[in-house]
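These numbers come from a predicted model, not from an experiment. Side chains included, hydrogens not; waters and symmetry mates left out as well; all remaining heavy atoms used. Chain A is the first sequence line, chain B the second, and so forth, proteins listed ahead of strands; every chain is numbered from 1.
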Amino acid sequence: MGCWLVKEEPTKYSFACFLADGRTEWTGVRNYQARNHLRAMRLGDEVVFYHSGKLKAALGTAVVAGEAFADPTAEDGDWSCVVLEAAAAFAEPVPLSSVRKDPAFAECVLVKNSRLSVMPLTAAEYRRFCQLGRARKRAKA
DNA sequence: GCCAACGTTGGC
DNA sequence: GCCAACGTTGGC
């Protein structure tokens, strides 16, 4: 099962908004690497939701509820989006500063390529996020 | 607001 | 196909 991290500016689409919506189409990605990661997402994959900009913290988790399809917001070019469903809000947001300090994230793409907006996480990195965020384990549906 | 890192573009 | 120039992103 894959694990991922998606990044968003809080001013564009906040985690609070995402929680309120319950699920959303993850559109607007215009970077080939990020797009290819979207396309590699599979139903049920686990996702960390991270806010760049002013917050710079991971705020919670989501699951992939719909695999890649053509991004309806793309006017030209070959772009994709997925459907994400909100899973859990972290009791403690995990700031970038903690991620940088933690040896568990030494190889994390978030640290190594801060510009990428959709990236894979190892299962260990995903678990570490949940640990630091003190997320309660999601009940299996 | 600045700057470094990265991706993309376009000239050769 | 290479590489310099440029634009964008995101951390500080």
Side-chain angles (χ1 to χ4, degrees), chain A residues 1-139 141:
Chain A
M1 169 144 325
C3 299
W4 309 93
L5 181 145
V6 296
K7 187 189 293 183
E8 180 61 281
E9 292 253 7
T11 52
K12 287 186 186 154
Y13 188 73
S14 71
F15 187 65
C17 224
F18 181 44
L19 287 179
D21 290 347
R23 63 163 59 194
T24 191
E25 290 182 0
W26 205 258
T27 56
V29 170
R30 298 293 181 270
N31 168 283
Y32 290 111
Q33 242 183 304
R35 181 202 67 183
N36 292 342
H37 290 318
L38 287 177
R39 289 181 177 176
M41 290 184 180
R42 293 296 170 259
L43 272 182
D45 278 2
E46 312 206 73
V47 181
V48 169
F49 187 112
Y50 174 86
H51 264 326
S52 57
K54 197 147 177 105
L55 269 101
K56 289 188 282 295
L59 296 187
T61 60
V63 292
V64 176
E67 296 182 4
F69 57 97
D71 183 342
T73 70
E75 292 183 359
D76 52 30
D78 183 20
W79 302 110
S80 297
C81 64
V82 296
V83 179
L84 294 183
E85 191 175 286
F90 290 156
E92 298 285 342
V94 182
L96 180 61
S97 55
S98 302
V99 172
R100 286 186 181 281
K101 275 188 301 202
D102 196 317
F105 293 114
E107 297 301 315
C108 186
V109 186
L110 188 63
V111 174
K112 298 219 145 178
N113 182 1
S114 60
R115 291 190 47 184
L116 191 59
S117 62
V118 181
M119 66 189 76
L121 293 178
T122 66
E125 286 163 353
Y126 179 81
R127 280 195 304 271
R128 188 67 178 142
F129 267 115
C130 292
Q131 243 176 28
L132 293 175
R134 295 196 293 113
R136 284 183 309 171
K137 198 167 174 60
R138 193 167 48 90

- Task: Could you tell me how the ring of A/W26 sits relative to the ring of A/F18: parallel (under 30°), tilted (30 to 60°) or perpendicular (over 60°)?
- Result: perpendicular

- Task: Pick base, sugar-phosphate or nothing for A/L96, based on heavy-atom distances below 4.0 Å to the nucleic acid.
- Result: sugar-phosphate

Pick out the pairs of N or O atoms, protein on one side and nucleotides 6-9 of chain B on the other, that lie under 3.5 Å.
unit_1 : atom_1 : unit_2 : atom_2 : d
B/dC6  : O2     : A/R115 : NH1    : 2.2
B/dG7  : OP1    : A/Q33  : OE1    : 2.8

- Whether A/H51 side chain and A/F15 backbone form a donor-acceptor pair below 3.5 Å: yes

- Message: Donor-acceptor pair, distance only, cut-off 3.5 Å: does the side chain of A/T61 make one with the backbone of A/A88?
- Response: yes

- Would one find a side-chain N or O of A/Y50 under 4.0 angstrom from OP1 or OP2 of C/dG10? no

- Message: Counting only side-chain nitrogens and oxygens, does A/K56 get under 4.0 Å of the OP1 or OP2 atom of C/dG10?
- Response: no

- Centroid separation A/W79 to A/F69 less than 6.0 Å: no

- Would you mind listing every salt bridge (charged side-chain N to carboxylate O under 4.0 Å, His left out) that reaches into residues 1-16 of chain A, with sequence neighbours excluded? none

